[in-house]
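Okay, so here's the structure we're looking at.
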Amino acid sequence: MKKVIRGSEWGDLSSFIADLSLEIRTPVNTVLGASGRILRDCGDDKVLSEVRQIQDSGRDILAMINHLLELSKIQAGKTDDFEAEYAPAELLRELWEKYSVRAEEKGLILILSDTDSLPDKLSGDDVKIRQIVKNLLEHAVKNTAAGAVELGMFCQSADGAGESLVIEVKGGGAEQVGLDLAVTAMMVEQMGGELIRENEKESFVFTAVIPLGTKKAADRSVLVVDDDEMNRIVFEAQLENTGLRIVTADSGKQCLELAKEQSFDLIFMDHMMPGMDGVETLHEMRQIPGGPNHDTPVVALTANTSDDAREYYEKEGFADYLTKPVTDDLLLQMVGKYLPETAIPGDAAPSGEAVLENAPDSGADNEAEQTEEEADWSVYEQYGISIEHGLSFSRGQMDRYLKLVDMFLKDREKPEKLQQYRSEGNMKDYAILVHALKGNARTLGADELADIAFEHEKKSKADDAAYVNEHWEELMESYQRTNQGFEKLNGQYLPQENDSGDASGADAELLNVSQEDLNRVADLIDDFETDQAVEQMETWLKSPLESGVRGRIQEALAAIQDDYDEDKAMELLRG
């Protein structure tokens, strides 16, 4: 018997279902956590057997909760559609390997049909495709008592209907349509397809038939508007392999100038910018008479993670929003959503691993030592830095990450401006700038500094100058500690330079900076020759130095440039 399963047959799920599901999740997680500790600590086989049953049942309840939530989201129209390029055979093999383990636990065999006929790449919503396959596999493994479960995928052409992707899962035994299939049917329907069930005496087959969209090359241009240079560079790097033409603007004013002259297919707009912010810029752009970007979708770039963020930005006229710092995956999905006819090459996707071989060469003699150091980044935790986190925003590429670190180290304007705005009591501009500092720090994995800057941002937005003044030293100390960590990182991976500007090898002789030399620089500061002292310290830092001396010089330099504390600098130099 063959039947098309209709997701709509399950009726209308209200928000009450979603709320109830969330309420149930908390105690179930508590049960799973407690039973997990018993499994870890208990040695009684009988107790362990019963606790495993508790764990299995708890996971089943969580699975049902997840299906309920997904079902209510679909019916409420709260799911997003993404368009991207993916490898269907790779997706299928990945899920086959995962569910083979579950099948073996039940004494089943999971058979993967031949995937050679599948194209190398397909364009579509791979997130939903993956979920559909997972749901069908889970259902088949759960309802098959013995024997095998078969998984297959292929493309087929139908007369007058174009090409479709067919996902087929076969199982054996009695089965029932449950929440998992309702969710799956709705997903398939959202993609313009249908889910078919065929039942026989001792077997069942589920076939999801999903239409494939056609792709054509297009000359597309994207405008990125952000006042922060590092953010613009990161954004361009994330999109560099897409084939899109990327144009950047550093202010709302420049955005409007560009928007008057040329048409863009998609615009990414930072919300918090000095002068004209992103919301004001969007409103002005929409009012340009005969403007070529009147209907261009604009995506807000924001740190706003509140529940009503989407409602707020849509009300202001944005098509969508992305939370900063933006990951490669979400950015590419957003591009695919609004530029569905633009195929994203496979090499545009993030690698997921640090590509350390792309790090700048620091000498062959140091290769073995460098490899060992790269594997242990825990030393940077004392500076509040997670190298792994930072690399995730640089597509795992160390050379790109180090360039951003170098930009951060050379950016002396932010702390100087922050000090100026704090002294003036200008909390509006202070909030915008400390917001940018937070974003830069988060992008580089300097999470401690990012968290402190976030607190300053919230308080300055509330015009709480008292908090800003009270916690200013905390912010600057974290900024200084972050700089020290990044200086150490640069010293580990980048070639140092001697006074003549030539790169020194790994075995270069250390520059001898004596205590007497440090005292002379301290005397310069005491004699109000601070610029000359700074110049001397910066010259020293270009050369290989003993780590203790380098650290004291860096701290003294930061005390002058970041904290405006010359007494502290002299104290550090004189030891």
Side-chain angles (χ1 to χ4, degrees), residues 1-10 53 56-57 59-64 66-68 70-71 74 88-118 122 128-159 161 163-212:
M1 180 178 69
K2 181 184 289 189
K3 179 184 178 182
V4 176
I5 303 176
R6 303 292 182 190
S8 56
E9 293 174 359
W10 282 77
Q53 293 181 42
D56 290 342
S57 298
R59 292 192 185 99
D60 286 343
I61 293 172
L62 280 182
M64 286 188 287
N66 290 335
H67 290 316
L68 276 172
E70 190 65 34
L71 204 56
I74 292 173
E90 184 179 325
L91 181 152
L92 211 60
R93 282 193 294 271
E94 179 187 327
L95 293 175
W96 172 76
E97 289 177 1
K98 177 180 179 180
Y99 284 92
S100 288
V101 178
R102 298 192 187 182
E104 288 175 7
E105 291 174 353
K106 286 193 63 178
L108 304 174
I109 300 173
L110 182 55
I111 300 171
L112 178 62
S113 299
D114 184 19
T115 59
D116 290 344
S117 63
L118 283 169
L122 285 175
K128 285 193 176 71
I129 295 291
R130 182 181 297 273
Q131 191 61 51
I132 288 166
V133 177
K134 286 174 61 176
N135 288 356
L136 293 177
L137 277 176
E138 286 179 358
H139 186 86
V141 171
K142 179 179 179 180
N143 287 278
T144 300
V149 172
E150 297 181 40
L151 169 63
M153 181 187 287
F154 57 91
C155 294
Q156 72 174 18
S157 297
D159 293 339
E163 195 171 31
S164 294
L165 179 67
V166 179
I167 302 166
E168 193 171 78
V169 177
K170 299 179 182 179
E175 61 84 32
Q176 295 180 348
V177 176
L179 279 174
D180 52 355
L181 293 182
V183 171
T184 307
M186 284 189 175
M187 285 184 174
V188 173
E189 289 170 7
Q190 274 191 327
M191 302 177 77
E194 61 181 7
L195 179 62
I196 302 168
R197 178 186 63 181
E198 295 182 70
N199 268 30
E200 298 180 359
K201 282 187 177 181
E202 297 181 356
S203 66
F204 56 86
V205 181
F206 288 96
T207 307
V209 183
I210 302 167
L212 291 173

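Only this structure's heavy atoms are used, side chains among them; waters, hydrogens and symmetry mates stay out. Note that the coordinates shown come from a computational prediction; the quantities given were computed from them, not determined experimentally.
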Item checked: Exercise: identify the closest heavy-atom pair between Leu122 and Pro88 -> CD1-CG, 3.8 Å
Next item on the list: Measure the spacing between CE of Met191 and NZ of Lys128 and express it to the nearest 0.5 Å.
Entry: 7.0 Å
Next item on the list: For Val188 and Val209, work out which heavy atoms get closest and say how close.
Entry: CG1-O, 4.2 Å
Notebook entry, point to check: To the nearest 0.5 Å, what is the distance between CG (Leu195) and CD (Glu189)?
Noted result: 8.5 Å
Note to self: Just to verify, which of Leu151, Leu181, Leu95 counts as forming a side chain to side chain contact (heavy atoms under 4.5 Å, CB included) with Leu136?
What the structure shows: Leu181
Notebook entry, point to check: What's the shortest heavy-atom distance between Lys106 and Thr144, and which atoms?
Noted result: NZ-O, 3.1 Å
Checklist line | Contacts of Arg93 that satisfy salt bridge (Lys or Arg N to Asp or Glu O under 4.0 Å) - sequence neighbours left out | finding: none
Next item on the list: First locate atom CG of Leu137, then atom NZ of Lys142, and finally report the distance between them rounded to the nearest 0.5 Å.
Entry: 14.5 Å
Item checked: Counterpart residues, side-chain contact (heavy atoms from CB on, under 4.5 Å), relative to Ala148 (two or more places apart) -> Ile109, Ile111
Next item on the list: Any chance you could measure Ser164, atom OG, to Ile210, atom CD1, to the nearest 0.5 Å?
Entry: 9.0 Å
Notebook entry, point to check: Out of curiosity, Ile167 CD1 to Ile129 CD1, how far, rounded to the nearest 0.5 Å?
Noted result: 4.5 Å
Item checked: Residue pair Thr115 / Leu92: nearest heavy atoms and the distance that separates them -> CG2-CD2, 3.9 Å
Next item on the list: In sequence, state the C-alpha distance, the side-chain angles, and the governing distance for His139 and Thr184, and then conclude on side chain to side chain contact (heavy atoms under 4.5 Å, CB included).
Entry: CA-CA 10 Å; His139 186 86; Thr184 307; over 6 Å; no
Check: Say you draw a straight line from CG of Leu118 to CZ of Phe154; how long is it, rounded to the nearest 0.5 Å?
Finding: 9.5 Å
Notebook entry, point to check: What pairs with Lys98 under side-chain contact (heavy atoms from CB on, under 4.5 Å), at least two apart in sequence or on another chain?
Noted result: Arg102, Lys134
Notebook entry, point to check: Considering residues at least two apart in sequence or located in another chain, which fulfil the salt bridge (Lys or Arg N to Asp or Glu O under 4.0 Å) criterion with Glu104?
Noted result: none
Next item on the list: For residues Ala140 and Val169, report the shortest heavy-atom separation together with the two atoms involved.
Entry: CB-CG1, 3.5 Å
Next item on the list: List the atom of Ser100, the atom of Leu110, and the distance in Å for their closest heavy-atom pair.
Entry: N-CD2, 3.6 Å
